[in-house]
Q: 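I am attaching a structure below and will ask some questions about it afterwards.
Hydrogens, waters and symmetry mates play no part in the numbers below; they use all other heavy atoms, side chains included. We're numbering straight along the sequence, starting at 1.
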Amino acid sequence: MGFPRRETRNQKTAPPEHTSAEANYLKNLGEKQTPVTIKLKDGETVEGWIEYYDKDMLRLTRKREPNLFIFKHDIMYIAE
(Lines give C-alpha, C1' and ligand atoms only; values in the text may rest on other atoms or scores of the structure.)
Protein backbone atom coordinates (compact mmCIF):
# COMPACT_ATOMS: atom_id res chain seq x y z
CA MET A 1 0.00 0.00 0.00
CA GLY A 2 1.48 3.38 -0.99
CA PHE A 3 1.65 6.42 1.19
CA PRO A 4 0.48 9.85 0.03
CA ARG A 5 3.32 11.96 -1.24
CA ARG A 6 4.26 14.78 1.10
CA GLU A 7 5.23 18.17 -0.22
CA THR A 8 8.59 19.61 0.50
CA ARG A 9 9.27 23.32 0.86
CA ASN A 10 10.45 23.62 -2.74
CA GLN A 11 7.37 22.01 -4.29
CA LYS A 12 4.30 24.07 -4.92
CA THR A 13 0.84 22.73 -5.45
CA ALA A 14 -0.73 23.43 -8.80
CA PRO A 15 -3.55 25.97 -8.79
CA PRO A 16 -7.04 24.50 -9.04
CA GLU A 17 -8.14 23.86 -12.61
CA HIS A 18 -11.53 25.49 -11.99
CA THR A 19 -12.48 28.27 -9.63
CA SER A 20 -15.82 29.97 -9.15
CA ALA A 21 -14.38 33.35 -10.21
CA GLU A 22 -15.83 33.20 -13.74
CA ALA A 23 -19.28 32.22 -12.52
CA ASN A 24 -19.26 34.93 -9.84
CA TYR A 25 -18.17 37.57 -12.36
CA LEU A 26 -20.85 36.61 -14.91
CA LYS A 27 -23.50 36.39 -12.19
CA ASN A 28 -22.59 39.87 -10.95
CA LEU A 29 -22.74 41.32 -14.48
CA GLY A 30 -26.12 39.70 -15.10
CA GLU A 31 -27.71 40.71 -11.79
CA LYS A 32 -26.74 44.35 -12.31
CA GLN A 33 -27.54 44.23 -16.04
CA THR A 34 -24.13 45.80 -16.59
CA PRO A 35 -23.60 46.85 -20.22
CA VAL A 36 -20.74 44.82 -21.71
CA THR A 37 -18.83 44.65 -24.96
CA ILE A 38 -17.85 41.16 -26.08
CA LYS A 39 -15.02 40.73 -28.57
CA LEU A 40 -15.25 37.46 -30.45
CA LYS A 41 -12.29 35.49 -31.79
CA ASP A 42 -13.35 36.28 -35.37
CA GLY A 43 -12.93 40.03 -34.64
CA GLU A 44 -16.64 40.87 -34.34
CA THR A 45 -17.70 43.03 -31.38
CA VAL A 46 -21.19 42.85 -29.86
CA GLU A 47 -22.76 44.85 -27.04
CA GLY A 48 -25.53 44.18 -24.56
CA TRP A 49 -25.92 42.67 -21.09
CA ILE A 50 -25.52 39.08 -19.95
CA GLU A 51 -28.92 37.65 -19.09
CA TYR A 52 -27.97 33.97 -18.73
CA TYR A 53 -24.85 31.81 -18.71
CA ASP A 54 -23.81 28.23 -18.16
CA LYS A 55 -20.56 26.29 -18.50
CA ASP A 56 -20.53 26.45 -22.32
CA MET A 57 -22.35 29.61 -23.42
CA LEU A 58 -24.00 32.86 -22.47
CA ARG A 59 -27.00 34.84 -23.65
CA LEU A 60 -26.39 38.46 -24.57
CA THR A 61 -29.52 40.62 -24.43
CA ARG A 62 -29.42 43.62 -26.75
CA LYS A 63 -31.63 46.65 -27.36
CA ARG A 64 -33.25 46.93 -30.79
CA GLU A 65 -31.30 43.88 -32.03
CA PRO A 66 -31.83 40.14 -31.70
CA ASN A 67 -30.48 38.52 -28.53
CA LEU A 68 -27.49 36.25 -29.01
CA PHE A 69 -26.39 32.91 -27.61
CA ILE A 70 -22.58 32.91 -27.70
CA PHE A 71 -20.33 29.93 -27.03
CA LYS A 72 -17.66 30.79 -24.47
CA HIS A 73 -14.93 29.23 -26.62
CA ASP A 74 -15.69 31.90 -29.28
CA ILE A 75 -15.11 34.82 -26.84
CA MET A 76 -11.78 36.64 -26.81
CA TYR A 77 -12.74 38.97 -23.95
CA ILE A 78 -15.60 40.71 -22.13
CA ALA A 79 -15.28 44.39 -21.21
CA GLU A 80 -17.62 46.44 -19.04
Side-chain angles (χ1 to χ4, degrees):
M1 202 165 153
F3 292 98
R5 193 172 176 187
R6 292 191 349 203
E7 290 186 30
T8 64
R9 290 180 195 234
N10 295 336
Q11 291 179 332
K12 295 183 180 180
T13 58
E17 188 172 323
H18 299 285
T19 66
S20 59
E22 178 184 303
N24 290 336
Y25 179 66
L26 294 175
K27 179 181 178 187
N28 188 26
L29 290 175
E31 286 176 348
K32 295 180 179 179
Q33 295 185 0
T34 305
V36 296
T37 300
I38 298 177
K39 174 100 178 205
L40 303 175
K41 288 184 179 176
D42 67 2
E44 183 179 359
T45 302
V46 291
E47 296 179 352
W49 63 275
I50 297 170
E51 181 174 345
Y52 171 82
Y53 66 92
D54 64 19
K55 68 181 186 85
D56 296 318
M57 52 72 75
L58 57 84
R59 177 184 169 163
L60 187 70
T61 300
R62 306 187 299 169
K63 291 183 180 178
R64 297 182 210 76
E65 294 184 73
N67 299 332
L68 300 174
F69 286 95
I70 304 171
F71 286 107
K72 288 182 179 177
H73 66 262
D74 290 329
I75 296 174
M76 188 178 302
Y77 66 82
I78 300 173
E80 295 180 47

Q: Which pair of non-hydrogen atoms, one from Leu40 and one from Ile70, has the smallest distance, and what is that distance?
A: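 Taking every non-hydrogen atom into account, CD2-CG2, 3.8 Å.
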Q: Using atom types as modelled and distance alone, determine if a side-chain donor or acceptor of Lys72 lies under 3.5 Å from a backbone N or O of Asp54.
A: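 Here the side-chain-to-backbone pair exists.
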Q: Just do the side-chain contact (heavy atoms from CB on, under 4.5 Å) check on Leu58 and Ile38 with the steps written out, would you?
A: CA-CA 11 Å; Leu58 57 84; Ile38 298 177; 3.9 Å; yes
Q: Tell me whether Val46 shares a hydrophobic cluster with Ile50, the cluster being built from Ile, Leu, Val, Met, Phe, Trp, Tyr side chains joined at under 4.5 Å.
A: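 Same cluster: Val46 reaches Ile50 through Ile, Leu, Val, Met, Phe, Trp or Tyr contacts under 4.5 Å.
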Q: Are Lys32 and Trp49 side-chain neighbours, meaning at least one heavy-atom pair lies under 4.5 Å?
A: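 Of all side-chain heavy-atom pairs linking Trp49 with Lys32, none is under 4.5 Å.
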Q: When rounded to the nearest 0.5 angstrom, what is the spacing between CE in Met57 and CD1 in Ile75?
A: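 Answer rounded to 0.5 Å: 9.5 Å.
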Q: What distance separates Met76 CE from Lys39 NZ, expressed to the nearest 0.5 Å?
A: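 Here the rounded value is 5.5 Å.
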Q: CD of Glu22: more than 12 outside heavy atoms within 6.0 angstrom?
A: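 Not more than 12 within 6.0 Å, no.
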Q: Can you tell me how far apart CG (Asn67) and CG (Leu60) are? Round to the nearest 0.5 Å.
A: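 It is 7.5 Å, given to the nearest 0.5 Å.
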Q: Can you give me the closest heavy-atom contact between Thr34 and Glu80, atom names plus distance?
A: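 Closest approach of Thr34 to Glu80, heavy atoms only: CG2-OE1, 3.8 Å.
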Q: Would you check if Ile78 and Leu26 make a side-chain contact, meaning some heavy-atom pair closer than 4.5 Å?
A: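 They are in contact (side-chain heavy atoms under 4.5 Å apart), so the answer is yes.
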